[in-house]
Amino acid sequence: MNSRLIHLTVNGKSHEVAVAPNAVLLHTLRDLGYTDVKNGCEIGECGACAVFLNGEAVNSCMVLAWQADHAEIVTNAGLGTMDKPHPIQEAFADAGAIQCGFCTPGMVISTKALLDRNPDPTEEEIREALSGNLCRCTGYGQIVEAVRLAAERLRRSSSSPASSLREAADDVTALGEQGPSQHEERGEPHSDARILPVSEQKEVR
Amino acid sequence: MTLPAFEVLQPESLQEALAVLAANPRVHPVCGGTNLIVDVRAGKIHPETVVDLSRLDALRGITVSEDEIRIGAATPIAEIERNQTIRRCVPLLAACCKTFANTLIRNRATIGGNLVNAAPCADTAPALLVLDAQVELTSASGARWVPLEEFLVGAFQTTRRSDELLTTVRFPLPPANALGGFRKMGLRKISCMAKVDVAVYLELDDNGVCRKAHIALGAAAPVALRAEEAEEALKGQLLTAEAAVPAKQGLTGEPLVQKTIEEAARLTAESTLPRAGSEYKRQVVYGLTRRILTACAKGGNR
């Protein structure tokens with residue numbers, strides 16, 4: 001089984017990486033350091049590994065790395081940063097749609113895929129769009145609310161081109177119930193930490 | 001976890017892919033990977049070599065002519081679901097695609113893969129069966145068209161030879177007055193496998209009499225099938241909203257339309273026996289068939 005060099009552009013950064021033919025994109029991305037792409041079920045059930053692959057939201061666990069050769073990939077971390085979060089990411093934080101946070105990167109990807117095509121979705125459309133993403137903490141209520149909030153903010157910002165997305169988002173946040181302390185709390189120092197399988201955790205200990 | 005080892009071949013053209021298959025009958029084709037990766041992980045299959053078709057643009061796309069629609073085998077389900085012509089002219093197929101797995105899977109899973117995998121619960125099978133679809137099987141030595149009914153022969157079994165690829169799906173363009181519907185029952189509304197699918201395609205004359213009636217069931221038997229006796233019972237019948245409502249609910253039901261629904265349900269019970277859940281499936285087929293026919297009678301979608 002010979003590895004071969006493949007070329008990936010991830011969040012705008014170009015990578016040449018040698019991968020085996022049986023490697024799946026999920027593992028390749030995590031090995032490259034994109035640990036915001038979460039390894040949940042590895043069989044396309046949970047959506048935690050969702051990324052944009054040439055513009056389409058897909059489960060990276062179901063793509064062979066070789067199939068992604070020369071592809072343009074965008075992960076959750078490619079949409080925004082801690083300092084400048086994407087309005088969708090901000091809406092997830094503001095709506096309390098994040099509990100353990102494991103499903104969030106995939107949820108954000110599916111939300112962006114929805115809002116890019118449908119800026120004003122109904123609740124049914126939101127739930128359908130997130131049907132491939134499982135959350136075991138929140139019960140989905142706040143997640144649906146986050147998508148609705150993100151849609152509203154994005155619509156607002158696109159209708160007032162003079163202000164940046166960030167400004168418009170700030171604007172709405174200031175009107176909401178969430179205080180500025182919410183923003184500070186989001187500076188979670190271990191948000192990029194690797195979560196190891198139980199067996200490996202023992203070895204680390 | 002790393003997948004068990006296998007080699008991957010990535011042909012640049014269909015001809016090259018067909019040559020690979022002709023030379024090695026044990027090569028496993030892959031495109032969207034939504035079946036392959038799950039099956040390899042589960043240890044259900046152990047391919048030595050897979051041939052990747054995802055780069056073959058010739059296998060992808062939807063073309064509409066005056067009398068038929070052709071869908072390339074490597075077209076993702078999401079693309080079919082979003083296609084404006086499919087939505088307008090074949091809403092039953094668009095409805096089927098909308099119930100298929102979930103949004104992330106639909107962006108990868110292909111129509112050809114769904115048919116070649118031939119799971120008893122393959123959602124596109126009953127929808128395409130009522131549309132009288134044919135599949136094109138291409139090998140290095142030529143191509144042949146096979147009616148979908150003859151292609152699907154059992155659970156995970158088709159008449160595809162190991163040197164052939166399913167390259168195109170085609171079906172007649174439904175006339176403007178055609179009616180139909182697709183209903184799926186699973187564990188939940190979306191992101192699930194079908195416990196039962198029902199697909200219906202009807203052509204009525206100006207007086208509302210059924211001239212063509214196609215009914216297909218998915219997951220009711222080891223292979224998706226047409227409910228031929230139910231179809232016969234419906235032909236020549238006047239379809240009204242009242243006709244499809246069962247008499248036991250105190251409304252007048254047209255006995256022959258009732259018979260259609262009963263026949264579809266009877267076939268389900270017969271085909272699922274002696275497996276568990278056949279009584280459940282029978283009742284679900286009864287209900288789904290009745291709902292689709294009622295919607296059609298009210299001018300439901302094609």
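In what follows, every chain begins at residue 1, and chains take the letters A, B, ... in the order their sequences are listed.
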Inset, instruction - Measure across A/A68 and B/R55 and return the closest heavy-atom pair with its distance rounded to 0.1 Å. - result: C-NH2, 4.1 Å

Legend entry - Which atom of A/L64 lies closest to which atom of B/V8, heavy atoms considered: CD1-CG2, 4.2 Å

Inset, instruction - Tell me, out of A/L134, A/L114, A/D69, A/N2, who's got the most heavy-atom pairs with chain B below 4.5 Å. - result: A/D69

Inset, instruction - Can you measure from CZ (B/R41) to SG (A/C61) and round to the nearest 0.5 angstrom? - result: 7.0 Å

Legend entry - Side chain, backbone, both or neither of B/P76 within contact of chain A (heavy atoms, under 4.5 Å): neither

Inset, instruction - For A/E128 and B/R106, work out which heavy atoms get closest and say how close. - result: OE2-NH2, 3.1 Å

Legend entry - chain B contact via A/L53 - side chain, backbone, both or neither, heavy atoms under 4.5 Å: side chain

Legend entry - Heavy-atom pair of closest approach, residues A/G47 and B/L104: CA-CD1, 3.8 Å

Legend entry - Proximity breakdown for B/Q10 and chain A, heavy-atom pairs closer than 4.5 Å: side chain

Inset, instruction - With rounding to the nearest 0.5 Å, note down the distance linking OG1 in B/T2 to CD in A/E42. - result: 8.5 Å

Inset, instruction - Taking all non-hydrogen atoms of both residues into account, name the closest pair between A/G132 and B/N102 and its distance. - result: CA-CG, 3.2 Å

Inset, instruction - Please round to the nearest 0.5 Å and tell me the distance separating atom CE of A/M62 and atom CG of B/N107. - result: 13.0 Å

Inset, instruction - Sort B/C192 into side chain, backbone, both or neither according to what part of it lies under 4.5 angstrom from a heavy atom of chain A. - result: neither

Legend entry - Heavy-atom contact with chain B under 4.5 Å, split by part of A/V58: both

Legend entry - Separation between CZ of B/R82 and CZ of A/R117, rounded to the nearest 0.5 Å: 3.0 Å

Legend entry - Distance, nearest 0.5 Å, that separates CG of A/N133 from OG of B/S191: 9.0 Å

Inset, instruction - Answer whether the closest heavy-atom distance between the side chains of A/N59 and B/R108 falls below 4.5 Å. - result: no

Inset, instruction - Please state whether the side chain, the backbone, both or neither of A/R127 comes within less than 4.5 Å of a heavy atom of chain B. - result: backbone

Inset, instruction - Assess whether atom CD of A/E16 is packed by more than 12 heavy atoms of other residues, nucleotides or ligands within 6.0 Å. - result: yes

Inset, instruction - Please answer whether the main-chain N or O of B/F6 pairs with a side-chain N or O of A/N22 as donor and acceptor at a distance below 3.5 Å. - result: no

Legend entry - More than 12 heavy atoms of other groups within 6.0 Å of A/E125 CD: yes

Legend entry - Closest non-hydrogen atom pair between B/C31 and A/Q67, with its separation: O-NE2, 2.9 Å

